[in-house]
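First comes the structure, then the notes that go with it.
Bear in mind the structure is a predicted one, so any value in this text is a computation, not a measurement.
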Amino acid sequence: MSPAFPQQLTQVSAARSFGGSQRIYQHWSAVLQCEMSFGVYLPPLWETKPCPVLYWLSGLTCTEQNFVTKGGAQWYAARYGCILVAPDTSPRGCNLPGEDKSWDFGSGAGFYVNATEDPWSRHYRMYDYVVSELPEAIAQNFNIVSEKQGIFGHSMGGHGALVIGLRNGEMFRSISAFAPIVAPSLVPWGEKAFSGYLGSDRNTWNKYDATTLIKQGVRGSEAPILIDQGTDDGFLEKQLQPETLAIACKAANYPLELRYQQGYDHSYYFIVTFIGDHFAHHARNLELKTLPVPL
């Protein structure tokens, strides 16, 4: 049987890192109908053994480069023998009216949904891209991969990681997030994006809202979820509201570890400080062993 999304990747760059290779690729996306870029870190273990895969989803305004260059993740990926994949956050250059008008809608703000409203529905299908097309591209082109996969992300990407992980527990066996938008249906960022991409019927928003999914009984893989949230995050009260998810998880008896980190904000300084804890979390859920890291 032919693959659903045959992928020809173009390597843009490669750099040696902790005995492995940090690479950037471009490819034509059949799902998004545009060129897409993603980063992939291949650990030293990749050359000899099947490796688990961790997907990182970035936040508003980011490209694949933000996490690759600022996340401090390559050492940990080498330590746990993980392939680390970081896609761009939206389609780009589709020449849609208004796609570059706002920083929180359109380019750089795909919100990991499948848009149903014109003109966005022709390109903005980041949910399918992350769940189907990108993993297939990884499997086809880096075919020594294992079935162990996890997903994590930041802010808008944290929202994406929670929703995609919860709805695809058989695929993503581990979930974590930094400062995620846990209830996008209730906050300005989410209301703007969902109205534009999905329309005015709020019932259609439910499948992209992690808090609602938990309330509806969606269980994912049922492995514990880890969330880190900075107390000095300027978006905490208006846009993020992690307690909303915590209350829903408690009522549903869903395992969640929500950690408030005193004095930390929304930036990559926050992420890089606790990224090691998130790799350890995924290592526990995926039953990974630590390895010596070449320098």
Side-chain angles (χ1 to χ4, degrees), residues 56-63 66-67 70-71 88-90 98-113 115 120 124 126-127 130 151-167 175-200 202 204-215 225-250 256-275 278:
W56 170 270
L57 305 183
S58 291
L60 288 165
T61 75
C62 291
T63 70
N66 293 74
F67 184 66
K70 298 179 182 179
D88 200 350
T89 54
S90 78
E99 68 180 346
D100 298 319
K101 183 178 180 180
S102 301
W103 66 273
D104 55 357
F105 185 82
S107 295
F111 266 84
Y112 305 100
V113 303
W120 311 102
Y124 279 66
M126 287 297 293
Y127 180 90
V130 174
I151 191 165
F152 59 156
H154 171 231
S155 194
M156 177 187 72
H159 141 72
L162 290 170
V163 168
I164 289 172
L166 286 170
R167 288 178 56 184
I175 306 169
S176 75
F178 290 85
I181 307 169
V182 303
S185 299
L186 303 178
V187 301
W189 276 343
E191 289 179 324
K192 178 178 180 178
F194 285 8
S195 294
Y197 294 138
L198 304 174
S200 59
R202 286 177 172 260
T204 67
W205 300 6
N206 291 340
K207 62 184 177 181
Y208 298 114
D209 187 304
T211 299
T212 300
L213 290 173
I214 291 293
K215 290 179 178 179
I225 295 172
L226 172 64
I227 291 177
D228 273 317
Q229 173 63 60
T231 60
D232 284 10
D233 189 325
F235 303 114
L236 175 56
E237 292 186 8
K238 187 174 182 179
Q239 304 283 12
L240 305 178
Q241 303 180 8
E243 285 298 332
T244 307
L245 179 64
I247 292 169
C249 285
K250 184 176 181 180
L256 169 68
E257 183 180 6
L258 171 59
R259 309 191 310 182
Y260 285 97
Q261 304 296 355
Q262 191 66 36
Y264 285 88
D265 60 14
H266 200 70
S267 71
Y268 266 84
Y269 297 111
F270 162 54
I271 293 170
V272 75
T273 301
F274 300 102
I275 193 70
H278 285 247

Margin query: Please determine whether side-chain contact (heavy atoms from CB on, under 4.5 Å) holds for the pair Tyr269 and Tyr264, giving the CA-CA distance in whole Å, both sets of side-chain angles, and the decisive distance to 0.1 Å.
Written below: CA-CA 8 Å; Tyr269 297 111; Tyr264 285 88; over 6 Å; no
Next item on the list: Could you walk me through whether Thr211 and Lys215 pass side-chain contact (heavy atoms from CB on, under 4.5 Å), step by step?
Entry: CA-CA 6 Å; Thr211 299; Lys215 290 179 178 179; 3.9 Å; yes
Margin query: Could you walk me through whether Tyr208 and Tyr127 satisfy the side-chain contact (heavy atoms from CB on, under 4.5 Å) test, starting with their C-alpha distance in whole Å, then the side-chain angles of each, then the deciding distance to 0.1 Å, before giving a yes or no?
Written below: CA-CA 9 Å; Tyr208 298 114; Tyr127 180 90; 3.9 Å; yes
Next item on the list: For side-chain contact (heavy atoms from CB on, under 4.5 Å), just list the numbers for Val113 and Met126, CA-CA rounded to whole Å, side-chain angles, deciding distance to a tenth of an Å, and then say yes or no.
Entry: CA-CA 6 Å; Val113 303; Met126 287 297 293; over 6 Å; no
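Remark: aromatic rings of Trp189 and Phe235 are close, center separation under 6.0 Å.
Counting only distance, with no hydrogens or angles, the side chain of Ser195 and the backbone of Lys192 share no donor-acceptor pair below 3.5 Å. Panel note: side chain Thr212, backbone Asn206; no donor-acceptor pair is recorded below 3.5 Å. Tyr124 contributes a side-chain N or O that, together with a main-chain N or O of Ser107, makes up a donor-acceptor pair within less than 3.5 Å. Ser90 places a side-chain N or O within donor-acceptor distance of the main-chain N or O of Gly108, the cut-off being under 3.5 Å. A distance-only check finds a donor-acceptor pair linking the side chain of Thr231 to the backbone of Gly263 [under 3.5 Å].
Counting heavy atoms from C-beta outward, Trp205 and Glu191 have side chains that approach closer than 4.5 Å. Counting heavy atoms from C-beta outward, Ile151 and Val130 have side chains that approach closer than 4.5 Å. You'll find the side chain of Lys238 stays beyond 4.5 Å of the side chain of Val187, heavy atoms only.
Residues Leu236 and Gly230 approach most closely at CD2-O, 4.0 Å, considering heavy atoms. Scanning all heavy atoms of the two residues, the minimum distance from Asp88 to Cys62 falls at OD1-O, 3.4 Å. Smallest separation of non-hydrogen atoms from Ser176 and His278: OG-ND1, 2.8 Å. Nearest approach of Gly160 to Leu57, heavy atoms of both residues: C-CD1, 3.6 Å. Across every non-hydrogen atom of Ile181 and Pro184, the tightest pair is O-CD, 3.7 Å. Residues Gln229 and Pro242 approach most closely at CG-CG, 4.0 Å, considering heavy atoms.
Atoms CG and CD1, from Leu245 and Ile225 in turn, are 6.5 Å apart once rounded to the nearest 0.5 Å. Here Lys70 contributes atom NZ and Ile271 contributes atom CD1; the two are 9.5 Å apart, rounded to the nearest 0.5 Å. Atom CZ of Phe178 and atom CG of Leu240 lie 14.0 Å apart (nearest 0.5 Å). Taking CZ from Arg167 and NZ from Lys207, the interatomic distance works out to 5.5 Å, rounded to the nearest 0.5 Å. Note that the CD1 atom of Ile227 and the CD atom of Glu257 stand 10.5 Å from one another [nearest 0.5 Å]. The line from CZ of Phe274 to CG of Asp228 is 6.0 Å long, rounded to the nearest 0.5 Å.
No side-chain N or O of Asn66 forms a donor-acceptor pair with one of Ser58 less than 3.5 Å apart. Between Ser185 and Asp209, the side chains place a donor N or O and an acceptor N or O closer than 3.5 Å (distance only, hydrogens not considered).
A salt bridge is defined here as a Lys NZ or Arg NE, NH1 or NH2 lying under 4.0 Å from an Asp or Glu carboxylate O, and Glu243 with Lys250 fails to meet this definition.
Taking the six-membered ring where tryptophan is involved, the planes of Tyr268 and His154 are perpendicular, since the angle between them exceeds 60° and thus also 30°. Relative ring orientation between Phe105 and Trp120 is described as perpendicular, the plane-to-plane angle rising above 60° on a 0-90° scale split at 30° and 60°.
With Phe111 as the partner, the side-chain contact (heavy atoms from CB on, under 4.5 Å) test is satisfied by one option alone out of Asp104, Thr89, Leu60, Val163: Leu60.
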